[in-house]
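Protein chains get the first letters and strands the later ones, always in sequence-line order, with residue 1 at the start of each. Side chains are part of it too, since the values below use all heavy atoms of this structure and drop only hydrogens, waters and symmetry mates.
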Amino acid sequence: MYLPAQTIASFFLILNEPDHPPRYNIAPTQPVLAVFQSPAGRRGVPMRWGLIPHWARDIKIGAKLANARSETLHEKPSFRTAFNRRRCLIPADGFYEWVAVKGRKQPYFIRRRDGNPLAFAGLWEVWVAADQSELVSCTIVTTAANREMTPVHHRMPVILEPGQFDRWLDPDNQNPRSLCDLMRPMRDGGLVLQAVDDYVNRTGNEGPRCIEPAATFPTPSSPPEPPAQMNLFED
DNA sequence: CCAGACGTTGTT
DNA sequence: GTCTGG
DNA sequence: CCAGACGTTGTT
DNA sequence: GTCTGG
């Protein structure tokens, strides 16, 4: 079968962080707000996007680790330890995906239909540089695309609901198998896509123009509603 | 044992 | 740090 | 993820 | 084509 032109999944995202200017175009290696569970409660701190394993010699490895596949997290040397002990949430108003069409890359902005922010499942890590300085970094966990995402890409970030936050963040839960049910595609129908101006394609560009609707490209149509089905993902 | 990798996406 | 390939 | 560079010698 | 910077 010939699929529509492909996409990417880097989840360049929008972030509105209290007391900081809003960001509309966060790229890997840039700081993103991440929330984790500390003994004193939940804390949000800026972390470098792109996880740097504690054993890394070179900071550059982080650029390749912006995402972590949920299916294999538990066995990857780069993610295993963080998965067991350092899970986090990464809040965002939305994220982008691109579809390559005739030598062009058409970006789409994806947000919740209900207007609330998203909470991506993430992992974080502390890396000690050669000069002994510490750098905290994070990665976003991915899973298969849900119905709305399928027209633009076959993967999507794991998006958690408030009722799931505690379990995901609990540092005392070091049993990966008990977390499998959290790492599923978001329920169908919860997201909306909007084709936007390719201003966002340049990482140096910032501001609301990144989510300005594109005049010439329509939102891709979703496949028809599936028939009534068994509950495969037991929520 | 030592040396070298350690990742995701999408592309063909 | 830990695993894999040689 | 996307955009942009992709090099050496010698100069300040 | 592949790597780097953002």
Please figure out whether A:Ser78 or A:Arg69 has its closest DNA chain B nucleotide nearer the 5' end. A:Ser78

Going by ring centres under 5.5 Å and near-parallel planes (under 30°), is A:Trp55 stacked on C:dT2? no

Rounded to whole Å, how long is the line connecting atom CD1 of A:Ile52 with atom C1' of B:dC6? 14 Å

Closest nucleotide among B:dC6, E:dG6, D:dA3 to the A:Arg202 side chain: D:dA3

In whole angstroms, how far is the C1' atom of E:dG5 from the CG atom of A:Asn201? 16 Å

Need one value for A:Thr72: base, sugar-phosphate or nothing, where a base atom within 4.0 Å counts as base even if backbone is also close, heavy atoms only. sugar-phosphate

Using a distance-only criterion (donor-acceptor N/O pair, under 3.5 Å, no hydrogens), is the base of E:dG6 paired with the side chain of A:Thr29? yes

Kindly compute the distance separating CH2 (A:Trp49) from OG1 (A:Thr29), expressed to the nearest 0.5 Å. 9.5 Å

Integer angstrom distance from the P of C:dG1 to that of B:dT8: 22 Å

From OH of A:Tyr199 over to P of D:dA3, roughly how many Å is that when rounded to an integer? 14 Å

Would you measure the distance from the C1' atom in E:dC3 across to the matching atom in B:dG7 and give it in whole Å? 15 Å

What is the ring orientation for A:Phe120 with A:Phe95, classed by angle as parallel under 30°, tilted 30 to 60°, or perpendicular over 60°? perpendicular

For A:Glu75 and C:dG1, give me the distance from atom CD to atom C1', rounded to whole Å. 17 Å

Around A:Arg42, counting heavy atoms of other residues, nucleotides and ligands shown, do more than 12 lie under 6.0 Å from its CZ? yes

In this structure, how many angstroms lie between the C1' atom of E:dG6 and the CD atom of A:Glu206, rounded? 12 Å

Does a sphere of radius 6.0 Å around CZ in A:Arg167 hold more than 12 heavy atoms from other residues, nucleotides or ligands, not counting ones at 6.0 Å or beyond? yes

Minimum-distance nucleotide to A:Leu65 side chain [options: B:dG7, C:dG1, E:dG6]: B:dG7

C1' atom, E:dT2 versus B:dT12: distance in rounded Å? 16 Å

Would you mind reading off the distance between A:Phe83 atom CZ and B:dG7 atom P, rounded to a whole angstrom? 15 Å

Given E:dG5, B:dT9, E:dG6, which nucleotide is nearest the side-chain atoms of A:Gln30? E:dG6

A:Thr139 side chain to A:Ala66 main-chain N or O, any donor-acceptor pair under 3.5 Å? yes

Name of the residue among A:Arg184, A:Arg155, A:Lys76 meeting salt bridge (Lys or Arg N to Asp or Glu O under 4.0 Å) with A:Glu71: A:Arg155

Does a side-chain N or O from A:Asn67 land closer than 4.0 Å to OP1 or OP2 of B:dT9, or not? no

Please give, in whole Å, the distance from B:dG7 P to A:Lys76 NZ? 5 Å

Report the distance from atom NZ of A:Lys105 to atom P of D:dG4, rounded to the nearest whole Å. 11 Å

Whole-Å C1' distance, B:dG4 and E:dG6: 29 Å

Looking at D:dG7, which nucleotide sits across from it as a Watson-Crick or G-U wobble partner, both distances under 3.5 angstrom, or is there none? none

Among B:dG7, B:dT9, D:dA3, which nucleotide sits nearest the side chain of A:Arg155? B:dT9

Which of B:dG7, B:dT9, C:dT2 is nearest the side chain of A:Arg80? It is C:dT2

Any-strand Watson-Crick or G-U partner of B:dC2, both distances under 3.5 Å: C:dG5

